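Note that the numbering runs from 1 along the sequence shown for the chain. All values derive from a computational prediction rather than experimental measurement.
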Amino acid sequence: MVNDDLVFKALADPTRRHLLDRLFERDGRTLTELESEVEMTRFGVMKHLRLLEEAGLIIARKSGREKLHFLNPVPIRLLHDRWIDKYTERRASALTDLKSELEGRIMTGTTSTAQTVQVYQVYIKATPQAIWDAITKPEWTRKYGYGGAVEYDLRPGGTYRGLANEGMIAQGAPEVAVDGEVVEADPPHKLVQTWRVLMDPAMAAEGFTRLTYEIAAGPGGVTKLTVTHDLSGAPLTAALLAGEMESQGAGGGWNWMLSGLKTLLETGEALDR
């Protein structure tokens, strides 16, 4: 299970922070690409990437013959929720700066920093079935993230609807905030679906994206949840889900939703916002 000590240790090294910065700028890089940007042997870069992966800060995925590396900002979000949010003293400012840099920074200008494919991974002390239920059942989805109920027909070709909460509807949002179609359902291990935002016309015009949940049981009652969202051709939706619109009151995207899911399942209480 990824813990705070591993994350802090990984972030303490400037080379590892540099590698995270490179992945923040453009996700899904190969070892060769990352190696070309540091003055270090290939073996040295591999060692740093392995430590980042052990800390849960990056996720490596096979793509054909290549191995691609993705930034996973969820552990940093959890560090913020655990160690930063409850402190207001000046000594916390350095960690706050780090959180801003790696988790949800908005660059100057109009170009979004959000990636075409976003990959997130979080370890939760809960069963795969409990996590599956928290994703697919309305009595759970009302308690975290955007607080809206979901409706799933968990068969290939079945419909998916994400309903707006009362506050969103009061502000003019449609009843159905997000829609899509189930592509593959293998409870409680894997769910693949399409996903489209309807509450914003510009995002709705971007069309459907592809969302995959993978749930894998581990030792000690800890389950790994990996979320892969292919947002090709949907830059506005990608920015929303990367948390770039959080300062505008649009929530923290996948970081926020997965942090809320973990907190709810492990403590029985909703994440304070």
Report task. Check Leu236 against Glu206 and note the closest heavy-atom contact, atom names and distance. Result -> N-OE2, 2.8 Å

Query raised in the report: Phe70: what forms a ring-ring contact (aromatic ring centres under 6.0 Å, His included) with it, not counting sequence neighbours?
Result: none

Query raised in the report: Is the distance between the ring centroids of Tyr213 and Trp132 less than 6.0 Å?
Result: no

Query raised in the report: Between Thr228 and Glu214, is any pair of side-chain heavy atoms under 4.5 Å apart?
Result: yes

**Report entry** Minimal non-hydrogen separation, Leu198 against Ala204, with atom names
**Finding:** CA-CB, 4.2 Å

Query - For Arg16, all residues meeting side chain to side chain donor-acceptor pair (under 3.5 Å), sequence neighbours excluded - result: His48

Query raised in the report: Partners of Tyr120 by side chain to side chain donor-acceptor pair (under 3.5 Å), sequence neighbours excluded?
Result: Gln118

Query raised in the report: Which word best sums up how the rings of Trp256 and Tyr146 line up, parallel for under 30°, tilted for 30 to 60°, or perpendicular for over 60°?
Result: perpendicular

Query raised in the report: Are Ile215 and Ile131 side-chain neighbours, meaning at least one heavy-atom pair lies under 4.5 Å?
Result: yes

Query - Student check: side-chain heavy atoms of Glu244 and Leu240 closer than 4.5 Å - result: no

Query raised in the report: Which one of Thr212, Leu211, Val182, Asp186 satisfies the side chain to side chain contact (heavy atoms under 4.5 Å, CB included) criterion with Val192?
Result: Thr212

Report task. Mind listing the closest non-hydrogen atom pair of Ile58 and Leu49 along with its distance? Result -> CD1-O, 3.4 Å

